[in-house]
Q: 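Sharing a structure, written as structure tokens. Questions coming.
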Amino acid sequence: MNDSVKADGAPADATSRVAIVTDSTASLPTAIAAAHNISVVPVCVIVGDTSLDEGPGITPDKVAAELAAGSKVTTSRPTPEAMGMAYRGASSRGARRLVSVHISAELSATHESAVLAAKHAPVPCAVIDSRTTGMALGFAAIAGARLAAAGADAEDVASVVTEVAQRSVTVVYVESLEFLKRGGRISSRSAALGTALRVHPLLAMNSAGTLEVVDKVRTQSRAIGALVDHIVSASEGFAEGVDAAVQHCAAPDVAERVADMLRMRLGERARDISVVPLSAALSVHVGPGSVAVSAAPAVRF
């Protein structure tokens with residue numbers, strides 16, 4: 001399935017007592033966020049001197065084009081005011097409690113903005129550091145929204161959001177080391193050496209909420225194979241089955257190839273394997289050609 005994630009399970013009721021708020025690094029397709037009544041706060045992408053909220057104005061493809069053209073592109077967290085607006089909006093739609101789950105605090109100050117805004121939210125708001133990002137964060141938000149729609153209280157919703165986020169796995173293949181260097185994720189010397197050796201590192205989110213190198217592969221085809229191997233192995237403990245999303249920055253053909261490989265390897269264990277664009281904000285840091293796979297336990301309610 002292209003550029004979508006199945007909206008199976010109970011859709012979120014607009015009158016649910018508990019509402020979910022997340023940020024745009026979750027890479028949630030707009031239709032899926034809307035179907036589950038999830039509020040998504042955009043991360044800012046800064047191109048040159050122009051700051052844009054992630055969305056139609058600055059997409060992953062536009063980020064890829066700007067990076068390829070040599071533009072200076074950076075990111076900035078949502079402000080506490082932007083978070084507060086999302087909280088007030090959810091409250092005005094009938095939410096009596098909020099669960100706000102965000103990109104790892106080790107990768108972004110977005111969580112800090114959420115904590116500051118929660119102090120002035122119109123209803124009680126639990127803020128969760130997911131210690132992950134991408135669709136691993138998205139799957140956690142969806143799981144929380146489904147449970148909320150089933151009538152669960154805020155404590156149970158927050159618990160399942162945390163569980164899905166912590167059990168999830170995300171592995172990233174990068175086409176070039178240049179953008180990791182620009183973002184300070186690796187040194188200039190390491191980037192130069194890796195480029196000379198044509199090394200493609202695989203990065204994975206760890207339990208501390210940071211990215212670590214889990215493999216170094218010389219060719220794209222071997223890197224893609226290793227990426228799939230890591231996901232299949234890491235998801236073996238998901239007794240409930242697997243939800244997976246292949247996310248990409250201007251690499252749809254590679255992403256589809258990865259999705260096909262995962263469908264073959266996971267078989268009936270997979271509840272859903274989708275292909276979606278990687279968040280524009282995350283694309284800034286990994287660059288064009290990057291492919292990330294997030295897998296989470298397919299919890300059912």
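This is a predicted model, so every value here is computed, not measured.
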Q: Hey, does Gln220 have a side-chain heavy atom less than 4.5 Å from the side chain of Val254?
A: yes

Q: With sequence neighbours excluded, tell me which residues meet side-chain hydrogen bond (donor to acceptor under 3.5 Å, both in side chains) with Thr170.
A: Ser294

Q: Listed by chain and number, what are the side-chain hydrogen bond (donor to acceptor under 3.5 Å, both in side chains) partners of Thr59, not counting sequence neighbours?
A: none

Q: Using distance only, find each side-chain donor-acceptor pair of residues 154-164 under 3.5 Å and give its atom names and separation, not counting sequence neighbours.
A:
from   : atom 1 : to     : atom 2 : distance (Å)
Glu155 : OE2    : Arg97  : NH2    : 3.1
Thr162 : OG1    : Ala158 : O      : 2.9
Glu163 : OE2    : Arg167 : NH1    : 3.2

Q: Might you point out which heavy atoms bring Arg271 and Arg146 nearest each other, and give the distance in Å?
A: NH2-NH1, 3.1 Å

Q: Are the side chains of Met135 and Ser274 in contact, using a 4.5 Å heavy-atom criterion?
A: no

Q: Nearest 0.5 Å, what's the NE2-NZ distance between His200 and Lys216?
A: 14.0 Å

Q: Locate the shortest heavy-atom distance separating Gly134 from Ser27; write the atom from each residue and the value.
A: CA-OG, 4.1 Å

Q: Check side-chain contact (heavy atoms from CB on, under 4.5 Å) between Asp229 and all other residues, then give those that pass, not counting sequence neighbours.
A: Arg265

Q: Of all the heavy-atom pairs spanning Ala114 and Ser100, show the shortest one and how long it is.
A: CB-OG, 4.2 Å

Q: Of the options Val246, Val172, Val286, Val291, which is the one that meets Leu278 in a side-chain contact (heavy atoms from CB on, under 4.5 Å)?
A: Val286

Q: Could you pull out all residues at least two apart from Tyr87 that satisfy ring-ring contact (aromatic ring centres under 6.0 Å, His included)?
A: none

Q: Enter the distance from Leu282:CG to Cys249:SG here, rounded to the nearest 0.5 Å.
A: 10.0 Å

Q: Tell me which pairs pass salt bridge (Lys or Arg N to Asp or Glu O under 4.0 Å) where either residue lies in residues 287-301, with sequence neighbours left out.
A: none

Q: Ignoring hydrogens and geometry, is there a side-chain-to-backbone donor-acceptor pair from Glu106 to Gly209 under 3.5 Å?
A: no

Q: Residues two or more places apart in sequence or in another chain: which of them pass side-chain hydrogen bond (donor to acceptor under 3.5 Å, both in side chains) with Ser290?
A: none

Q: Do Ser76 and Ile46 come close enough that some side-chain heavy atom pair is under 4.5 Å?
A: yes

Q: Measuring only between side-chain heavy atoms, which start at C-beta, is Val232 closer than 4.5 Å to Leu262?
A: yes

Q: Just to verify, what does Thr110 make a side-chain contact (heavy atoms from CB on, under 4.5 Å) with, not counting sequence neighbours?
A: Asp23, Val43, Arg77, Pro78, Met83, His102, Ile103, Ser108

Q: Please examine the side chains of Met261 and Met264, heavy atoms only from C-beta on, and report whether any two atoms are closer than 4.5 Å.
A: no

Q: Would Leu98 and Ile38 show up in the same hydrophobic cluster when neighbours are defined by side-chain heavy atoms closer than 4.5 Å?
A: no

Q: Report whether Leu137 and Val99 are members of the same hydrophobic cluster (ILVMFWY, side-chain heavy atoms less than 4.5 Å apart, transitive linking).
A: yes

Q: Do you know the tightest heavy-atom contact between Pro201 and Val213?
A: CB-CG1, 4.4 Å

Q: Within the side chain of Ser235, is there an N or O that forms a donor-acceptor pair under 3.5 Å with the backbone of Phe238?
A: no

Q: Identify, with sequence neighbours excluded, every residue that meets side-chain hydrogen bond (donor to acceptor under 3.5 Å, both in side chains) alongside Thr75.
A: His285

Q: For Ala19 and Ala90, which heavy atoms make the closest approach, and how far apart are they?
A: CB-CB, 4.0 Å

Q: Quick check: closest heavy atoms across His248 and Val275, and the distance to 0.1 Å?
A: CD2-CG1, 4.0 Å

Q: Do Asp260 and Arg257 sit within salt-bridge range, that is, some charged N less than 4.0 Å from a carboxylate O?
A: no

Q: Is any side-chain heavy atom of Glu212 closer than 4.5 Å to one of Val214?
A: yes

Q: May I have all residue pairs that pass side-chain hydrogen bond (donor to acceptor under 3.5 Å, both in side chains) and include part of residues 117-138, sequence neighbours excluded?
A: Thr25-Thr133

Q: When you measure from the side chain of Ser71 to the backbone N and O of Leu67, does any donor-acceptor pair fall under 3.5 Å?
A: no

Q: Restricting to side-chain contact (heavy atoms from CB on, under 4.5 Å), what partner residues turn up for Ser233, sequence neighbours left out?
A: none

Q: In terms of hydrophobic clusters joined by side-chain contacts under 4.5 Å, are Val63 and Val47 together?
A: yes

Q: Are Val293 and Leu266 connected in a single hydrophobic cluster, I mean Ile/Leu/Val/Met/Phe/Trp/Tyr linked by side-chain heavy atoms less than 4.5 Å apart?
A: yes

Q: Is it the case that one hydrophobic cluster holds both Val41 and Val18, taking links as side-chain heavy atoms less than 4.5 Å apart, direct or via other members?
A: no

Q: Kindly compute the distance separating OG (Ser221) from CD1 (Ile224), expressed to the nearest 0.5 Å.
A: 8.5 Å

Q: Write out all pairs satisfying side-chain hydrogen bond (donor to acceptor under 3.5 Å, both in side chains) with one or both partners inside residues 40-50, taking only residues at least two apart or from two chains.
A: none

Q: How long is the straight-line distance from CD1 of Ile58 back to CD of Glu66, given to the nearest 0.5 Å?
A: 6.0 Å

